[in-house]
**Student:** 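Provided herewith is a single structure, encoded as C-alpha cells, for subsequent inquiry.
The basis for the numbers below is simple: all heavy atoms, side chains too, and nothing from hydrogens, waters or symmetry mates. Chain identifiers are assigned alphabetically (A, B, ...) following the order of the sequence lines, protein sequences preceding nucleic acid strands; residue numbering begins at 1 within each chain.
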Amino acid sequence: MMILWIVLGAAVLAVLMFIGIFNSLVALRNQTQNAWSQIDVQLKRRYDLIPNLLEAVKGYMGHERATLENVTRARSQAMSAQSVGEKSRAEGALTDSVNKFFLVVENYPELKANQNFMALQEELRSTENKIAFARQSYNDQILFYNNKLQMFPSNVVAGCFQFKQGEYFQMDDAAHRAAPQVKF
Amino acid sequence: MMWELIQANQRKSVLLLVLLGLVLAGLGCVIGLAWLGPEGAVYGLGAAALIWVVLTSLGFLAGDQILLSSSAAEEVSKELYPQLFNVVEEMKIASNLAHMPRVYVMDDPGMNAFATGIKPERCAVAVTAGLVSRLNRDELQGVIAHEMSHITNRDVYYMTLAGIVLGSIRLLSHVFLRGMWFGGGSRRRYRTAGRAGVGGQAQVVILAAALVFAILGPILAQIFYFSLSRKREYLADACAVRLTRYPEGLASALEKISQDGSFSSVLNPITSPMYIFEPRAASSLTHTHPPILDRIRILRAIAQGAGFASYQKAYASFYRGRDSSLLPPSAFSQKAEVPLRAPSPASEEPRGRKAQARDLMDVMRSINDFAFLVCACGMKIKIPPRFNHSTITCPKCSRVLDVPLTQLAAAAAILAGRGVSAGKKAPSGARGDEAPQIHRRRGTGWESFACRCGQTLTLSPAFIAPQMICRRCGRLVRIESYVAA
C-alpha cells in the first residue's frame, strides 16, 4: 500500500514537472517570436524612412547620384528578398550602403545644419541601432531557447512535442569583417 | 544568461530582506519588552509590523511617483527629446523589456540619472537636463543601459523594499530613543517600584539591551543595505556593457560625471541606490555606490568582448582575489565571446566651451612669452617666462622632462623682438656690466665650447637661435652662425 502511494506521488510529481517544463518552453518560444517581430518592425521602419531621407537630401547632393542610387537599390532588394539567408544578406548590404551615405554626408556642412535632415538622420541612425540591438536580443533568446531544447530534462519534453531549434539571425557581414587586402 | 543573473540576484535580495526583517522584528520585540514588560514583546512586534505595512503599501502605491515628484522630474515626449527617447527605446529593445519605460527629465544642471518602478510594466527612467546636454550619444546610451539593467535585474524592486524596511527600522529606533530621552526615567521608576528585586533588575538589563539595539540596529541595517547595493552597481555596469557592446561609452560618461562640479541637489540616502552616481557619502561603508574611478578603471580594462566573462575578468584583475566573484559561474555558460562594437559615427565630440577657453588662454600665454612643451602622454605643459629649472615633472603622467631653456629664451627673444636680459631668466648669474661673450660657429654639425664660467655648452646641428644662456651661470652668449668660406 505504502509503495503504491509513493509511486503515485512520484508519478504526480513527474506530471507536474512535465507541465511546468512544457509551459516554460512555450513561453520561451513565444519570447523568441516576439524578439523576431521586433526586428521586423524596425526593418519596416527603415524601409519607410529611407525614401524620406533621400527626398530631403536630393536638392543638396544631386551629383552624388551613385551613392543615392546605391541606397535605393539596396532597399528594394532587401524588400523583395524571400528566404532568410537572402534577406539577411540584403539587409547587410542595405546597412552598408546607408553607412556609406552617412560618410558622404560629412562633406556637406550645409546639409548637416538642416533641421529636417538632422531629425531624419537621427531617426535612421537610431533605427539602424535598433535593428542591431533587436538582432542581438533575438540571438540571445535563441541561444537560451536552443540550450533548453538540448539540455536534460527539458529535451525530453521538447522531443515529445517536437519543438524545433530556432535559427540565428546573422547579417552577412563576413565581407565587412575581413581585413582589406593590400595589393602591390 | 540574464535569467540566471536575475535569479542569483533574487536569492541575495531575499536574504537581505530577511536579515533586515529580523533586525526590524528584533527591535520591535526589545522595545516592547523595555517599555511594557514581559508581555510587551507581542505589542512591540505588532507596532513594528504596522509601521512596515503602512510604509510598504505607501511605497507600492505611490513610491515611484513620490520619488519622481520629489526630484522635480517631468515626463517628456519624443518631440522634445528625440535622441534621448531613441536611446531609451534602443536599450528597451536590447534588454527585451516588454514595455517602453516612461522618460523623465529633471530640471537640474548636474549630471545624474535614476530608474524607478516596482514592476517592469510601470518603470520609468529619469535623467537630469545637464546629463542630456553634455553627454554624446554613446555615453547617453551607456547611462541608459545601466539604468535599464537596474530595471531588468529587479534591483529597483528589491532596493525599494529593502529601503522601506530600513526606513521602518530608523523610524522605530528614533521613536524609542526620543521616548527614552523624555519619558524613560519616570516609567522605569514606576516599573521598578511595581515589581520587587529580581524582576526590576531584569527590566534594567532589558532596557540597556534595547538601548544598544536601538542605536546599533539602524547602523547594522544600513551596512547590510549598502553592501548589497554596491555589488549591484558593478552588476548593472556589466549588464550595460553587454547591452551596448561598448564599454567606453559608459566609462567616458562616468568620467564626465565625476569631473562635473555641479552636484545634483536631488539626492537622499534611501533613494541613492537608484541613481547612477552618488556624489556625497562620507565613509566607504555607507557608500551605496562603489568609487566611480574604480568603475571607470574596470570598464576601461575590458580588453575584448562585451560578455559577462570579460567584465568579470576585468573586475577580478582589479580586485586581485579579495571579493572577486561578482557574477555567478552560470553567467559564463554562453558559447563564444560577444564582440565589441565600434563607436557610433555621431559621437565625435563637438569642441566644448571648456576647450575653446583653453585655446584662448594658450594664445594669451604665448603673447606673454609662455613656452609650451608637449609631453609624451599628450599633456601640454605651459612654461612661464621666468622658469629656470632644467627639468620639469609632467603633472599628468609624472614623467621628468628636460626643459630646453636656451631655445625657449631665444625663441621668446625673437618673438618679442627684444634682447633677453640674462637677469630676468636666471637671477643668480646676472652680470649686466660685462661685455657679452660671442661664439662663432665652426661648422653646421655638433660642436661645443666653454662659457666664461667654465661650463661646456653644446650646440646641436638644429640650433638656429642668435643667442643662448649658460646652464650654470646664466650668462648670455651670442652665437654667430657659421659662414662657409
Side-chain angles (χ1 to χ4, degrees), chain A residues 24 27-28 30-43 45 49 98-106 112 115-116 118-148 150-151 168 170-171 173 176-177, chain B residues 1-6 78-100 136-138 140-142 144-145 148 152 239-246 249 306-308 330-331 333-348 350:
Chain A
S24 74
L28 274 176
N30 289 344
Q31 258 171 6
T32 58
Q33 273 160 8
N34 176 44
W36 175 259
S37 69
Q38 285 292 329
I39 303 181
D40 240 23
V41 168
Q42 298 307 329
L43 288 179
R45 173 133 184 78
L49 274 171
V98 168
N99 284 342
K100 270 195 196 121
F101 166 74
F102 279 137
L103 278 181
V104 172
V105 165
E106 293 295 310
K112 277 163 65 183
Q115 284 294 325
N116 186 26
M118 267 164 53
L120 279 170
Q121 190 190 26
E122 163 63 26
E123 274 311 299
L124 189 54
R125 189 157 267 157
S126 171
T127 308
E128 292 284 340
N129 284 351
K130 283 171 195 161
I131 291 169
F133 286 127
R135 192 161 61 98
Q136 172 183 315
S137 149
Y138 171 77
N139 284 345
D140 284 354
Q141 294 285 338
I142 287 287
L143 174 75
F144 190 55
Y145 175 64
N146 285 354
N147 279 351
K148 271 272 182 278
Q150 287 163 13
M151 279 193 246
Y168 290 103
Q170 272 152 341
M171 292 263 187
D173 52 2
H176 316 308
R177 223 181 283 147
Chain B
M1 207 57 210
M2 234 51 171
W3 306 115
E4 284 131 34
L5 274 183
I6 295 171
K78 184 165 177 173
E79 284 72 41
L80 272 174
Y81 288 89
Q83 192 178 63
L84 174 65
F85 229 83
N86 276 334
V87 166
V88 173
E89 204 175 343
E90 282 162 26
M91 286 304 105
K92 174 234 157 196
I93 290 171
S95 58
N96 211 17
L97 210 64
H99 297 262
M100 174 75 183
N136 68 30
R137 198 196 170 95
D138 278 342
L140 194 61
Q141 200 176 54
I144 297 293
M148 215 65 109
T152 50
C239 292
V241 169
R242 202 183 136 70
L243 287 182
T244 60
R245 310 283 208 251
Y246 187 60
F308 293 124
S330 54
S333 61
Q334 320 169 24
K335 43 149 203 178
E337 188 45 87
V338 192
L340 292 171
R341 74 171 168 87
S344 73
S347 295
E348 290 121 28

**Student:** Is any side-chain heavy atom of Pro82(B) closer than 4.5 Å to a side-chain heavy atom of Met118(A)?
**Tutor:**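 They are not in side-chain contact.
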**Student:** If you measure from CG on Asn129(A) to CD on Gln141(B), what distance do you get to the nearest 0.5 Å?
**Tutor:**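 These two atoms lie 6.0 Å from each other.
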**Student:** Using a cut-off of under 4.5 Å for heavy-atom pairs, which of Ala134(A), Ser126(A), Ser137(A) has the most such pairs with chain B?
**Tutor:** Ser126(A)
**Student:** Need one label for Gln42(A): side chain, backbone, both or neither, based on atoms under 4.5 Å from any heavy atom in chain B.
**Tutor:**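 Gln42(A) touches chain B through side-chain heavy atoms alone.
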**Student:** Within this structure, what is the CD-CD distance for the pair Glu90(B) and Glu128(A), rounded to the nearest 0.5 Å?
**Tutor:**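 So the gap between those two atoms works out to 10.5 Å.
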**Student:** If you compare all heavy atoms of Phe133(A) against all heavy atoms of Leu243(B), which two are closest, and at what distance to 0.1 Å?
**Tutor:** CE2-O, 3.1 Å
**Student:** Can Asn86(B) and Glu122(A) be counted as having a side-chain donor-acceptor contact under 3.5 angstrom?
**Tutor:** yes
**Student:** How would you list, by chain and number, every residue that makes a side chain to side chain donor-acceptor pair (under 3.5 Å) with Lys100(A), sequence neighbours excluded?
**Tutor:**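 Checked Lys100(A) against side chain to side chain donor-acceptor pair (under 3.5 Å); zero matches.
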**Student:** Between Glu123(A) and Lys78(B), does a salt bridge (charged side-chain N to carboxylate O under 4.0 Å, His left out) hold up when you go through it step by step?
**Tutor:** CA-CA 11 Å; Glu123(A) 274 311 299; Lys78(B) 184 165 177 173; 3.3 Å; yes
**Student:** Does the pair Asn34(A) and Asn96(B) meet the rule for a side chain to side chain contact (heavy atoms under 4.5 Å, CB included), with working shown?
**Tutor:** CA-CA 9 Å; Asn34(A) 176 44; Asn96(B) 211 17; 4.3 Å; yes
**Student:** Looking at every non-hydrogen atom in both residues, tell me the closest pair between Arg242(B) and Gln136(A) and how far apart they are.
**Tutor:** O-NE2, 3.3 Å
**Student:** For the pair Gln83(B) and Arg125(A), evaluate side chain to side chain contact (heavy atoms under 4.5 Å, CB included) and give the outcome as yes or no after the intermediate values.
**Tutor:** CA-CA 10 Å; Gln83(B) 192 178 63; Arg125(A) 189 157 267 157; over 6 Å; no
